[in-house]
Number of protein chains: 2
Amino acid sequence: METRELRYFVAVAEELHFGRAARRLGIAQPPLSRAIRQLERRLGVTLLERDSRSVALTAAGSVLLREGRAALDAVDAADRRTRRAGQAVNGGPGLVLATKAGASSELLPKLLDAYAAEPDAVPVEVLLCGIGEQERLLRDGRADVALLHLPFDSTTGLDTEELVTEQQVAVLPAGHPLARRPHLLMAEVETLSGLPMPRWPRADGSYPEGLGPEVRDHAQLFQLIALGRTAVVLPESVRTLLLADLAAVPVPDAPAVTTVIAWPPHSRSRPLAALIRTATRL
Amino acid sequence: METRELRYFVAVAEELHFGRAARRLGIAQPPLSRAIRQLERRLGVTLLERDSRSVALTAAGSVLLREGRAALDAVDAADRRTRRAGQAVNGGPGLVLATKAGASSELLPKLLDAYAAEPDAVPVEVLLCGIGEQERLLRDGRADVALLHLPFDSTTGLDTEELVTEQQVAVLPAGHPLARRPHLLMAEVETLSGLPMPRWPRADGSYPEGLGPEVRDHAQLFQLIALGRTAVVLPESVRTLLLADLAAVPVPDAPAVTTVIAWPPHSRSRPLAALIRTATRL
DNA sequence: GCGGGCGATACCCGACGGGTATCGATCCGG
DNA sequence: CCGGATCGATACCCGTCGGGTATCGCCCGC
């Protein structure tokens, strides 16, 4: 199976429409139809059920969609990491670390400083990304290592080491009546009238239903809190970057958050191993 | 990057010889040389340092070897799993479970029986494999799920659930002087004169240096123990399949062995999820 | 110095990927 | 109920590219 065939199939399986898929792929529709037929013939399996008005995935087709995406990610990762390894001879970034913008604001500088002090340290590029993006960045090779936050992020398919565990705090507008309380319970935060919890994007980029504003990163979030539109429960390390007009109140019954350093299982280069070692010793 | 190019590169990188690699791939040498050059040109990276007498990997080349193998495994897995999904409409194996031959001899039948009693259970094929083979079988799609034994097997890159933890016992010839002791210590087992510990193959198939016999599976092993050539420390569940002329003595200070059920992270089909659920409830 | 091994180059051919034109089926609006 | 629109399949052509053979250039060892 060639990656071209896989890309074609994934496009059709996602669009469920040969014309649109062909446009997305930058080719005409007939070669695409032919390529899918050939793929089906070679696999000896029907992937798509098509009558002349609609296209639907068979059971085998959805298996190939899932597995094919993973395979294409792996190929893309090989491509990107090889390119980087080739250019790194001079001073290109030796490692790319992905982390949610605004998270781990205490840990990250400590980690970078400690690693930079190591012998044989290579340059580290920090890739600030949106919520839940880290897994994909690691899998398709745009990042080598990431900081994740349990229990929010999924670590399936990644190797991890635990770094720190911290309690959570509620972040409120400074003037809010509850902002002067010594602590709050989850139930109180969730039912704050007029301050619905914000909605984060899911893995596929869509947002869950709800009242709160849709947010992508912490900058957005803090501004919305300052404007009195929402409130949120976050790990206590966010305190270091709170704006003056925000208040943080401990929430003892919120689940503890564990920060882990994560990397794709098979790619443990020497610089990566050194970075992980440094992180676990902090 | 096409999988053909990756297969070509991996072959050359493994052989470090264009002629041999071409023979292995079933093509002539010139097209192979050209394909590698094209790949290098497209990536903008030198992968192989070649003078007319020898071929060596560059740093970027070894990155591509590692990442490329993973990518090819993922593509192979997509191929195999799709084929199986397509043929499973009638009664082909719905799930393939890999386990070390001779291990988990108590757990496995219980698991299979319990799963078969579930509604919607699909046929399960059991693939008995050698030591350390499970990871590769899972990654390239020949198996869907495996039983691994910590701390011996690596679970990097796999999702797992713990099933049982057991102590280990020393397996000795029945007539051995230590066979009647109520328990032994690791130090005693390791220094049994004339009974060196057997050597298991490493991930790459090679054997570590040492005195003991090279073994691949439990059948070999038990026969060698009965012959008085070796002794070994294994999880206590091996007792159920010990030959009459072997004795098992508890070794309290040997590390406990945890059996886990493992599967590739992205492929959690409905039958697989049911099997995992059944396993964790045993 | 010469033969042999090895990768690179030159050149040819056939297969296959991609494009355009068109068909056949189905749905929809009038 | 009919005509147009939509969509996948088919037919056919062309250019590219993957693969083969022949040969070269280089370097080693005898």
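Order of the sequence lines fixes the chain letters, A, B, ..., with proteins taken first and strands second; residue numbering starts at 1 for each chain.
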* **From D:dT21, C:dG7, D:dG18, nucleotide with atom closest to B:R50 side chain** =>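 The nucleotide sitting nearest to the side chain is C:dG7.
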* To do: Check every atom of D:dG18, C:dG19, D:dG19 against the side chain of A:R34 and return the nucleotide holding the closest atom.
  =>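 Shortest atom-to-atom distance from the side chain points to C:dG19.
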Could you state the atom-to-atom distance from [atom1] of [X] to [atom2] of [N] in whole Å?
{"X": "B:L32", "N": "C:dT9", "atom1": "CG", "atom2": "C1'", "value": "15 Å"}
{"X": "A:Q29", "N": "D:dA5", "atom1": "CD", "atom2": "P", "value": "18 Å"}
{"X": "A:I36", "N": "C:dG18", "atom1": "CD1", "atom2": "C1'", "value": "15 Å"}
{"X": "A:D51", "N": "D:dC7", "atom1": "CG", "atom2": "P", "value": "13 Å"}
{"X": "A:I27", "N": "C:dG17", "atom1": "CD1", "atom2": "P", "value": "11 Å"}
{"X": "A:L47", "N": "D:dG8", "atom1": "CG", "atom2": "P", "value": "16 Å"}
{"X": "B:R41", "N": "D:dC17", "atom1": "CZ", "atom2": "C1'", "value": "12 Å"}
{"X": "A:L25", "N": "C:dG17", "atom1": "CG", "atom2": "C1'", "value": "13 Å"}

* Side chains of B:T58 and B:E49: donor-acceptor distance under 3.5 Å anywhere? ->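 Not at all, the side chains of B:T58 and B:E49 share no donor-acceptor pair under 3.5 Å.
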* To do: Decide whether A:T3 and B:E2 meet the rule of one side-chain donor and one side-chain acceptor closer than 3.5 Å.
  =>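 A pair is found: one side chain offers a donor N or O, the other an acceptor, under 3.5 Å apart.
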* Between B:L95 and B:Y115, is any pair of side-chain heavy atoms under 4.5 Å apart? ->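 Heavy-atom side-chain distance check passes, below 4.5 Å.
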* Looking at side-chain heavy atoms only, is the closest gap between B:E67 and A:H266 below 4.5 Å? ->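 A side-chain contact exists here, since the closest heavy-atom pair is under 4.5 Å.
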Is a salt bridge present between [X] and [Y], judged by a nitrogen-to-oxygen distance below 4.0 Å?
{"X": "B:E135", "Y": "B:K100", "answer": "no"}
{"X": "A:E14", "Y": "A:R69", "answer": "yes"}
{"X": "B:D76", "Y": "B:R7", "answer": "yes"}
{"X": "B:E15", "Y": "B:R23", "answer": "no"}
{"X": "A:E209", "Y": "A:R199", "answer": "no"}

* Asked: Just by modelled atom types, is the B:L48 backbone N or O under 3.5 Å from a matching donor or acceptor in the B:T46 side chain?
  ->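 Side chain of B:T46 to backbone of B:L48, a donor-acceptor pair under 3.5 Å: no, none is there.
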* Asked: Looking at residues 1-24 of chain A, who's got a heavy atom less than 4.0 Å off DNA chain D?
  ->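 Heavy-atom cutoff 4.0 Å gives A:H17, A:F18, A:G19.
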* Examine B:R4 relative to B:Y8 and say whether NZ or CZ is less than 6.0 Å from the centre of the six-membered ring and inside a 45° cone about the ring axis. =>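 Yes; both conditions hold, so B:R4 lies above the ring face of B:Y8.
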* To do: Find the bend of the helix from C:dG1-D:dC30 to C:dG30-D:dC1 as the angle between its two terminal axes (five pairs each), to the nearest 10°.
  =>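 Computed from the C1' atoms at both ends, the axes differ by 20°.
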* First of A:R42 and B:P30 reached from the 5' end of DNA chain C, by closest nucleotide ->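 The answer here is B:P30.
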* Could you list by number each residue of residues 55-63 of chain B showing a heavy-atom separation from DNA chain C of less than 4.0 Å, or answer none if no residue does? =>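 DNA chain C contact set from residues 55-63 of chain B: B:V55.
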* Using a cut-off of 4.0 Å on non-hydrogen atoms, how would the nucleic acid contact of B:R37 be classed: base, sugar-phosphate, or nothing? ->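 Here B:R37 touches the backbone only, sparing every base.
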* Using only side-chain N and O atoms of B:S33, determine if any of them is under 4.0 Å from OP1 or OP2 of C:dG7. =>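 For C:dG7, neither OP1 nor OP2 has a side-chain N or O of B:S33 closer than 4.0 Å.
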* B:R80 and salt bridge (charged side-chain N to carboxylate O under 4.0 Å, His left out): which partner among B:D140, B:D144, B:D73? ->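 Per the salt bridge (charged side-chain N to carboxylate O under 4.0 Å, His left out) rule, the option paired with B:R80 is B:D140, out of B:D140, B:D144, B:D73.
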